[in-house]
Amino acid sequence: MNNSDEQMTHNGGDVTQELRLGVNIDHVATVRNARGGTHPDPVRAAIMAEDAGADGITAHLREDRRHIRDADMAAISAAINIPLNFEMAATIEMVAFAVETMPNAACIVPERREEVTTEGGLAVAGHEARLTDLLAPIKEAGIRLSLFIEASELEIRAAAAIGADIIELHTGRYCHDVERRGEELARLANAAKLAHGLGLECHAGHGLDFDTVGAIAAIPEMVELNIGHFLIGESIFTGFPAAIGRMRTLMQSART
Ligand code: PXP
């Protein structure tokens with residue numbers, strides 16, 4: 001553990017026992033778009049996820065509209081009775097879109113056109129002034145500001161400094177680098193503690209599945225997990241409600 005990791009373990013306070021599941025429905029739209037029609041409908045998936053016990057719906061309107069499209073976002077927002085977490089790049093176009101849609105939260109993610117998925121966390125440190133200006137309309141509209149970042153003390157402190165309400169920690173490396181999983185888990189746990197100590201709500205996501213969710217769910221400061229690709233894939237075999245139900249059970253049992 002280096003100095004900054006050590007400092008990270010010294011923060012924290014009372015922690016919540018409630019852990020929310022946000023279901024990311026992007027890849028329902030990926031399948032729909034493969035044939036250019038209307039089936040499967042991400043709005044129907046969002047309603048089904050809500051009925052199956054999801055605590056929130058997450059959707060990412062990418063610049064290239066490869067899965068979720070403008071009309072989907074508005075339709076999902078209108079159809080659900082649980083919070084919408086609008087994932088978006090830090091661009092003027094997306095900020096305007098978020099303010100028009102008025103989701104519960106806007107989760108700012110880095111976005112590169114050539115990437116297959118969101119490959120890393122947002123660089124907040126060093127870009128504080130630009131992000132504060134750009135994201136001001138989101139804060140002014142009363143939308144909760146969430147920043148998708150790596151489990152780094154520098155980034156967490158920068159997120160707090162620019163007035164984020166939430167950080168979402170990128171769990172990609174923890175999920176995919178099996179050899180370094182223990183190390184990554186410790187980093188995520190320390191990061192969650194630091195975030196909580198700074199008054200930030202802590203979420204996590206990316207690459208989580210039935211095998212990897214438990215250890216993340218057991219981090220006491222964690223408030224929400226956002227999970228998509230695995231749930232959509234698993235629903236081919238067991239159905240969407242069953243996949244969501246099992247994920248919730250695993251999260252709950254890890255918590256207790
Ligand atoms: N959280 C964020 C910020 C993401 O960008 C993604 C991927 O779109 C997820 C969670 C969900 O990741 P996955 O689809 O791998 O479960």
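Just so you know, ligand 1 is whichever comes first in the structure, and atom 1 is the first atom listed for that ligand.
Scanning Glu111, Glu168, His206 for the heavy atom closest to atom 1 (N) of ligand 1 points to Glu168.
Against a heavy-atom cut-off of under 4.0 Å, Val109 is close to the following atoms of ligand 1: 3 (C). Here is the list of ligand 1 atoms found below 4.0 Å of a heavy atom in Asn226: 10 (C), 11 (C). Using a 4.0 Å cut-off to heavy atoms of Ile227, the atoms of ligand 1 that qualify are 16 (O).
When atom types are taken as modelled, the side chain of Asp165 and the backbone of Leu145 share a donor-acceptor pair closer than 3.5 angstrom. Here the side chain of Glu221 pairs no donor or acceptor atom with the backbone of His196 at under 3.5 angstrom.
Listed by chain and number, the residues in a side chain to side chain contact (heavy atoms under 4.5 Å, CB included) with Arg181 are Tyr174, Val178, Thr212 (sequence neighbours excluded).
Residue contacts with ligand 1: Gly207 is placed with a nitrogen or oxygen under 3.5 Å of a nitrogen or oxygen of the ligand (distance criterion only). Polar contact with ligand 1: present for His229 (N/O pair, distance under 3.5 Å). Note: an N/O pair closer than 3.5 Å links Gly228 and ligand 1 by distance alone.
Minimum heavy-atom separation, Arg69 to Leu61: C-CD1, 3.5 Å.
The salt bridge (charged side-chain N to carboxylate O under 4.0 Å, His left out) pairs that include a residue from residues 51-61 are Asp55-Arg248, where partners are two or more places apart or lie in different chains.
Aromatic ring pairs are classed by plane angle as parallel below 30°, tilted from 30° to 60° and perpendicular above 60°; the pair Phe148 and His170 is parallel.
Residue-level proximity to ligand 1 for Glu87 is carried by the side chain, the only part with a heavy atom below 4.0 angstrom.
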